[in-house]
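Residue numbers start at 1 and run along the sequence shown. Worth knowing before you read on, the calculation uses all heavy atoms, side chains too, and leaves out hydrogens, waters and symmetry mates.
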Amino acid sequence: MGSRTSPVRRQITIRRAVAGDAKRLTRIVRGSGAYEGEYASAVAGYRVGPDYIEAHRAFVAVDADEQGGRVLGFYSLVLDPPELDLLFVADEAQGRGIGRLLVAHMQSEARAAGLDRVMVVSHRPAEDFYHRVGAVRTGTALANPPAVPWDRPEFEFRIPS
């Protein structure tokens, strides 16, 4: 029987994503429970390819206790314009603070790159998460059918120097 939280705190490390992570990252996106039902079409054909990983600042959270370091989640930071493009935690790893850890790492990377703000266009089910990790709601990204047939909340992380 699975649980969303684990009583044992495993060591999670964050490293730069590599091309060999692409298939696992694609599986995390396509398998996300947050994109079931009406949201399924948004990720049905989504692919995080080696080219995407090479072109962006993509980082993965890995379980350092497992051989090979199983990928538990990831994010991608775009510098110009500053945007958190992707942030996903595998469903089976949620509730362990991995999303919060990834956001903190993203903020550190943004600060090191000289950014003072990072925008994120969220998915409605993730709106509460972004509030909890300190993002400020700044507006709404309007629907763009057929790819995204619903409005999405826009947030901003303010990056202190």
Minimal non-hydrogen separation, [X] against [Y], with atom names:
{"X": "Pro149", "Y": "Ala143", "value": "C-CB, 3.6 Å"}
{"X": "Val78", "Y": "His56", "value": "CG2-CD2, 3.5 Å"}
{"X": "Leu79", "Y": "Ala113", "value": "CD2-CB, 3.9 Å"}
{"X": "Ile98", "Y": "Ala61", "value": "CG2-CB, 3.8 Å"}

Open item on the list: Taking the basic N atoms (NZ, or NE/NH1/NH2) and the acidic carboxylate oxygens, is any pair closer than 4.0 Å for Asp21 and Arg15?
Closed with: yes
To the closest 0.5 Å, what do you measure between [atom1] ([X]) and [atom2] ([Y])?
{"X": "Ser76", "Y": "Asp85", "atom1": "OG", "atom2": "CG", "answer": "5.0 Å"}
{"X": "Ile28", "Y": "Leu86", "atom1": "CD1", "atom2": "CG", "answer": "11.0 Å"}
{"X": "Leu115", "Y": "Leu77", "atom1": "CG", "atom2": "CG", "answer": "6.5 Å"}

pair [X]-[Y]: side-chain heavy atoms closer than 4.5 Å:
{"X": "Ser32", "Y": "Asp91", "answer": "yes"}
{"X": "Glu156", "Y": "Arg117", "answer": "yes"}
{"X": "Val60", "Y": "Leu25", "answer": "yes"}
{"X": "Thr138", "Y": "Phe155", "answer": "no"}
{"X": "Ile12", "Y": "Val62", "answer": "no"}
{"X": "Asp128", "Y": "Arg124", "answer": "no"}
{"X": "Val120", "Y": "Leu87", "answer": "no"}
{"X": "Leu72", "Y": "Val89", "answer": "no"}

Could you go through residues 103-112 and list every donor-acceptor pair under 3.5 Å that involves a side-chain atom there, pairing it with any protein atom two or more places apart or in another chain?
unit_1: His105; atom_1: ND1; unit_2: Tyr75; atom_2: OH; d: 2.6
unit_1: Glu109; atom_1: OE1; unit_2: Arg57; atom_2: NH1; d: 3.0
unit_1: Arg111; atom_1: NE; unit_2: Pro160; atom_2: O; d: 2.8

- [ ] Could you label the plane-to-plane angle of the Phe88 and Phe74 rings as parallel, tilted or perpendicular, counting under 30° as parallel and over 60° as perpendicular?
- [x] parallel
- [ ] Determine the interplanar angle of the Phe157 and Tyr130 rings, folded into 0 to 90°, and report it as parallel if under 30°, tilted if 30 to 60°, perpendicular if over 60°.
- [x] perpendicular
- [ ] Verify the cluster assignment for Val121 and Tyr39: are they in a single hydrophobic cluster under the rule of side-chain heavy atoms below 4.5 Å apart?
- [x] no
Open item on the list: Please check this pair: side chain of Arg16 against backbone of Val18, looking for a donor-acceptor N/O pair closer than 3.5 Å.
Closed with: no
Task: Main-chain N/O of Val71 paired to Arg24 side chain as donor or acceptor, under 3.5 Å - done: yes
Open item on the list: With no hydrogens and no angle check, just 3.5 Å: does a side-chain donor-acceptor pair link Thr26 and Tyr46?
Closed with: no
- [ ] Give me the one residue out of Glu127, His131, Glu154 that meets side-chain hydrogen bond (donor to acceptor under 3.5 Å, both in side chains) with Arg137.
- [x] Glu127
- [ ] Give the intermediate values and the outcome of side chain to side chain contact (heavy atoms under 4.5 Å, CB included) for residues Val43 and Glu36.
- [x] CA-CA 9 Å; Val43 297; Glu36 291 177 338; over 6 Å; no
